[in-house]
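Following: one structure in structure tokens, then a few remarks.
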Amino acid sequence: MKLAPSLLAADLSDLAGAVRKCEESATDFIHWDVMDGHFVPNLTFGAPVIKCARPLTGIPFDVHLMVENPGAYTMELAQAGVQFVSFHIEAEAHAHRLIQQIGSTGMKAGVAINPQTPPSAIEYLLPSLDYVLVMAVNPGFAGQKFIEPCLKKISILRDKRREYGLDYLIEVDGGVSEDNLERIALAGADIVVAGKAFFTADDMKAFTIKVRASSSSRMI
């Protein structure tokens, strides 16, 4: 698996320092949770902040839009230097059109699903997607406990990928820790978003290595 540390769990008074920690740990992505105070209760980062951080690293930026009207954000994010953008199927009535809009900017397009949303809700979109973001907690707050039944959703998406001969990635966000890395990998995840587990680790680089090693026993 690959690792995308979530800056939501970092010291928000020193985002530059948090980005440097990702750089020093050679993480695969840096994950930005964009919240609007409507789709979820909190407010977080916007494109101007992300743009300011872009010159600090060459690590790809992975943006998770937890917002109403996600299409209003895509062009500004592309201009900020973002590589991956996911939006919630629960927030968008014209998902296929938005996927095409994101792709037209050169960014990779993903769809996020909340814990109560079944994979069947996005099955018709799978051929158009670069990745699926499986929320293993209810979105909006950092530090929540992993919802175990979400492992089944990861497996379903893995099986659908095989069945249809597709190549979308499966990303998992919420409650990721050293204790469940192997189970998440065995279920079929390709990327994990880790916030608290990464930024409170005694050795962040060692945690990054452990994420990658966790999928070594995966059954293909």
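Lys108 places none of its side-chain heavy atoms less than 4.5 Å from the side chain of Pro60. Leu3 has its side chain within reach of Val192: a pair of non-hydrogen atoms, C-beta onward, lies under 4.5 Å apart. At a threshold of 4.5 Å between non-hydrogen side-chain atoms, the residues Leu65 and Leu77 count as touching. Taking 4.5 Å as the limit, every side-chain heavy atom of His31 sits out of range of all side-chain heavy atoms of Leu7. With a 4.5 Å cut-off on side-chain heavy atoms, Asn69 and Phe87 do not count as touching. Counting heavy atoms from C-beta outward, Glu148 and Arg183 have side chains that approach closer than 4.5 Å. Side-chain atoms of Arg161 and Ile170, non-hydrogen and from C-beta on, do get closer than 4.5 Å to each other. Looking only at side-chain heavy atoms (C-beta outward), Trp32 and Thr44 stay at 4.5 Å or farther from each other.
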Step by step, would you call His64 with Met135 a side-chain contact (heavy atoms from CB on, under 4.5 Å)?
CA-CA 11 Å; His64 174 197; Met135 291 301 297; 3.3 Å; yes

Would you sort out whether Asp36 and Tyr73 count as a side-chain contact (heavy atoms from CB on, under 4.5 Å), showing the intermediate values?
CA-CA 11 Å; Asp36 64 356; Tyr73 294 72; 3.7 Å; yes

side-chain contact (heavy atoms from CB on, under 4.5 Å) evaluation trace for Leu169 with Val132
CA-CA 6 Å; Leu169 300 174; Val132 177; over 6 Å; no

What verdict does the side-chain contact (heavy atoms from CB on, under 4.5 Å) test give for Phe199 and Asp11, after you've listed the backbone C-alpha separation in whole Å, the side-chain angles of each residue and the deciding distance to 0.1 Å?
CA-CA 9 Å; Phe199 283 107; Asp11 178 356; over 6 Å; no

List the steps and the verdict of ring pair (Phe, Tyr, Trp, His ring centres under 6.0 Å) for Phe84 and Phe61.
CA-CA 6 Å; Phe84 288 71; Phe61 282 178; over 10 Å; no

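Residues Glu23 and Leu56 share a closest heavy-atom pair of OE1-O, 4.3 Å. Taking each heavy atom of Glu90 and Asn114 in turn, the nearest pair found is OE2-N, 2.8 Å. Minimum heavy-atom separation, Ala189 to Met1: O-CG, 3.3 Å. When every heavy atom of Gly174 is checked against every heavy atom of Ala136, the shortest pair comes out as O-CB, 3.5 Å. Residues Ser86 and Tyr131 come closest through the heavy atom pair N-OH, 3.1 Å. Taking each heavy atom of Ile113 and Lys153 in turn, the nearest pair found is CD1-CE, 3.8 Å.
Atom NZ in Lys21 sits 16.0 Å away from atom NZ in Lys205 (nearest 0.5 Å). In this structure, CD1 on Ile59 lies 8.5 Å from CG on Asp28, to the nearest 0.5 angstrom. Here the CG-CG distance, from Leu151 to Leu186, works out to 9.5 Å after rounding to the nearest 0.5 Å. The OG1 atom of Thr105 sits 10.5 Å away from atom CD of Gln83, with the distance rounded to the nearest 0.5 Å. Taken from CG in Asp173 to SG in Cys150, the straight-line distance is 11.0 Å, to the nearest 0.5 Å. Atom CD of Glu24 is separated from atom SG of Cys22 by 9.5 Å, given to the nearest 0.5 angstrom.
Side-chain atoms of Arg162 never come within 3.5 Å of backbone atoms of Gly165 as a donor-acceptor pair (strictly under, hydrogens ignored). A distance-only check finds no donor-acceptor pair linking the side chain of Ser25 to the backbone of Thr27 [under 3.5 Å].
A donor atom on one side chain and an acceptor atom on the other are found under 3.5 Å apart for Ser6 and Asp33. In this structure, a donor-acceptor pair under 3.5 Å is absent between the side chains of Glu182 and Ser214.
Both Leu166 and Leu125 belong to a common hydrophobic cluster when Ile, Leu, Val, Met, Phe, Trp and Tyr are linked at side-chain heavy-atom distances under 4.5 angstrom. No single ILVMFWY cluster, assembled from side-chain heavy atoms under 4.5 Å apart, contains both Ile147 and Ile154. At a threshold of 4.5 Å between side-chain heavy atoms, the hydrophobic network of Ile, Leu, Val, Met, Phe, Trp and Tyr places Ile89 and Val193 in two separate groups. A chain of hydrophobic side-chain contacts below 4.5 Å, direct or via other Ile, Leu, Val, Met, Phe, Trp or Tyr residues, connects Leu157 to Phe146. Under a hydrophobic-cluster definition in which Ile, Leu, Val, Met, Phe, Trp and Tyr are linked whenever side-chain heavy atoms come within less than 4.5 Å, directly or via other members, Val82 and Ile99 are assigned to the same cluster.
Checked for salt-bridge contact, Glu163 and Lys160 meet the test: a charged N lies under 4.0 Å from a carboxylate O. Under 4.0 Å is where a charged nitrogen must lie from a carboxylate oxygen, and between Glu92 and Arg97 no such pair does.
Atom CG of Asp203 has more than 12 heavy atoms from other residues, nucleotides or ligands within 6.0 Å.
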